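Take a look at the structure set out below.
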Protein chains: 2
Amino acid sequence: MNYSRQREIILETLTNNAVHPTAEELYSLLEKEYGTASLATLYRNLNLLAANGIIKKIDGLEQSSHYDHNIDEHYHFMCNKCKKVYDVSAAVAPGLIEQAEKELGADIESCDIIFHGTCKDCK
Amino acid sequence: MNYSRQREIILETLTNNAVHPTAEELYSLLEKEYGTASLATLYRNLNLLAANGIIKKIDGLEQSSHYDHNIDEHYHFMCNKCKKVYDVSAAVAPGLIEQAEKELGADIESCDIIFHGTCKDCK
DNA sequence: CTCAGAATTGATAACAATTATCATTTTATA
DNA sequence: TATAAAATGATAATTGTTATCAATTCTGAG
């Protein structure tokens with residue numbers, strides 16, 4: 001992976017100016033901030049960054065993927081009303097992977113949890 | 001929801017002849033078994049059945065949704081090698097929803113867990 | 001039973017999200 | 001600084017799913 005200015009901008013924007021954005025949301029931000037942006041380049045770099053473990057792709061929230069600069073083990077909650085996405089700490093499910101490995105006899109590499117419901121502000 | 005023969009066939013096939021299929025997989029099965037099938041009708045009925053809590057749509061496994069006739073609380077594991085989908089019992093994460101509710105101050109209605117790794121047979 | 005209105009269907013167009021293509025430009029390095 | 005690999009931008013293509021709409025099928029009241 002060579003250096004690239006676009007990738008730097010994308011990562012920086014994801015890290016500092018967006019929380020769990022979709023590619024489209026990030027694209028709008030980039031356009032507004034830097035004028036220059038190609039959707040193809042954005043997708044390519046998001047995939048590259050995710051493949052290299054620098055960011056995390058969050059699937060299962062909506063039909064479009066969201067992206068997270070926080071790669072520490074944690075989970076997500078989406079409010080059915082306001083559609084906001086909240087982080088949930090890994091502490092809510094201690095020993096989860098070990099339990100599942102024992103049950104399946106499998107090697108588990110990752111585990112994603114998506115909660116749905118009504119958030120504190122909306123209820 | 002009126003009675004419909006197509007819906008009956010779809011539900012029966014999902015229940016008895018397919019495990020966690022995608023819409024496409026189910027479509028092939030239906031075509032083979034009954035000759036008659038419309039992709040639109042299939043999607044419509046899968047959505048209807050899921051909206052009525054009769055089946056469950058599983059998102060986050062692949063870009064296409066999978067469907068499950070088993071609506072008891074349980075989770076899923078997908079093998080990175082063979083792509084097979086396994087059930088994981090709810091017992092691997094006792095008190096998960098309560099923990100997350102406490103942390104967020106939210107009302108949680110549902111919770112989906114997707115594990116990825118290498119299954120017993122592939123490792 | 002039968003008729004009207006609601007629900008369902010099938011065929012296909014449309015749509016949204018994402019990826020592929022490819023000629024041009026940028027980056028790293030010998 | 002020349003060269004090869006990597007990255008880019010514009011856009012076409014692909015995939016999965018939903019919308020449209022005329023025709024068919026259900027259902028319940030009369």
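Chain letters run A, B, ... following the sequence lines, proteins first, then strands; residues in each count from 1. Just so it is clear, the structure is predicted and the values come from calculations on it, not from any experiment.
Nucleic acid contact for A:T41: base, since at least one base atom lies under 4.0 Å from a heavy atom of the residue.
At the phosphate of D:dT17, OP1 or OP2 sits under 4.0 Å from a side-chain N or O atom of B:S65. Residue A:Q6 places at least one side-chain N or O under 4.0 Å from the OP1 or OP2 atom of D:dG9. Taking only side-chain nitrogens and oxygens, A:Y43 comes nearer than 4.0 Å to OP1 or OP2 of C:dT18. Residue A:R5 has no polar side-chain atom (N or O) positioned under 4.0 Å from OP1 or OP2 of C:dT26. The shortest distance between the side-chain N/O atoms of B:N47 and the OP1/OP2 oxygens of D:dT18 is below 4.0 Å.
A side-chain donor-acceptor contact under 3.5 Å links B:E109 and A:N80. Counting only N and O atoms by type, the side chains of B:H20 and B:D87 include a donor and acceptor under 3.5 Å apart. In this model, no donor atom of one side chain and acceptor atom of the other lie less than 3.5 Å apart for A:E24 and A:S64. A donor and an acceptor atom, one from each side chain of A:H74 and A:D68, are located under 3.5 Å apart.
Heavy-atom nearest nucleotides on DNA chain D were determined for B:A40 and for A:L48, and the one closer to the 5' end corresponds to A:L48. Each of B:N45 and A:L39 was matched to the nucleotide of DNA chain C holding its nearest heavy atom; the match closer to the 5' end belongs to B:N45. Between B:K57 and B:M1, it is B:K57 whose nearest contact on DNA chain D lies nearer the 5' terminus.
Between the CG atom of B:L42 and the C1' atom of C:dT12 there is a distance of 16 Å, given to the nearest Å. Atom-to-atom, CG of B:L46 to P of D:dG16 comes out at 15 Å; the value is rounded to the nearest Å. Rounded to an integer number of Å, the gap from CD of A:E31 to P of D:dT8 is 17 Å. For the pair B:L61 CG and D:dT15 P, the interatomic distance rounds to 20 Å; values are reported in whole Å. Computed from coordinates, the B:D59 CG to D:dG16 P distance equals 14 Å when rounded to whole Å. Taking atom CD1 on B:I9 and atom C1' on C:dG10, their separation rounds to 14 Å, with Å as the unit. Rounded to an integer number of Å, the gap from B:I10 CD1 to C:dT9 C1' is 10 Å. For A:H66 and C:dA16, the NE2 to C1' distance is 14 Å, given to the nearest whole Å.
Among the nucleotides C:dT9, C:dA28, C:dA17, the one closest to any side-chain atom of A:Y3 is C:dA28. In this structure, of D:dG16, D:dA7, C:dA17, it is D:dA7 that holds the atom nearest to the side chain of A:S4. Comparing atom distances between the B:Q63 side chain and each of D:dG16, D:dC26, D:dT18 picks out D:dG16 as nearest. Taking only side-chain atoms of B:R44, from C-beta outward, the nucleotide of C:dA20, C:dT8, C:dG10 with the closest atom is C:dG10. Nearest nucleotide to the side chain of B:N2, out of D:dT27, C:dG10, C:dA28: D:dT27.
A salt bridge links A:K123 to B:D107: one of the charged nitrogens lies within less than 4.0 Å of a carboxylate oxygen.
The main-chain N or O of A:I54 is never found under 3.5 Å from a side-chain atom of A:N52 such that the two would form a donor-acceptor pair.
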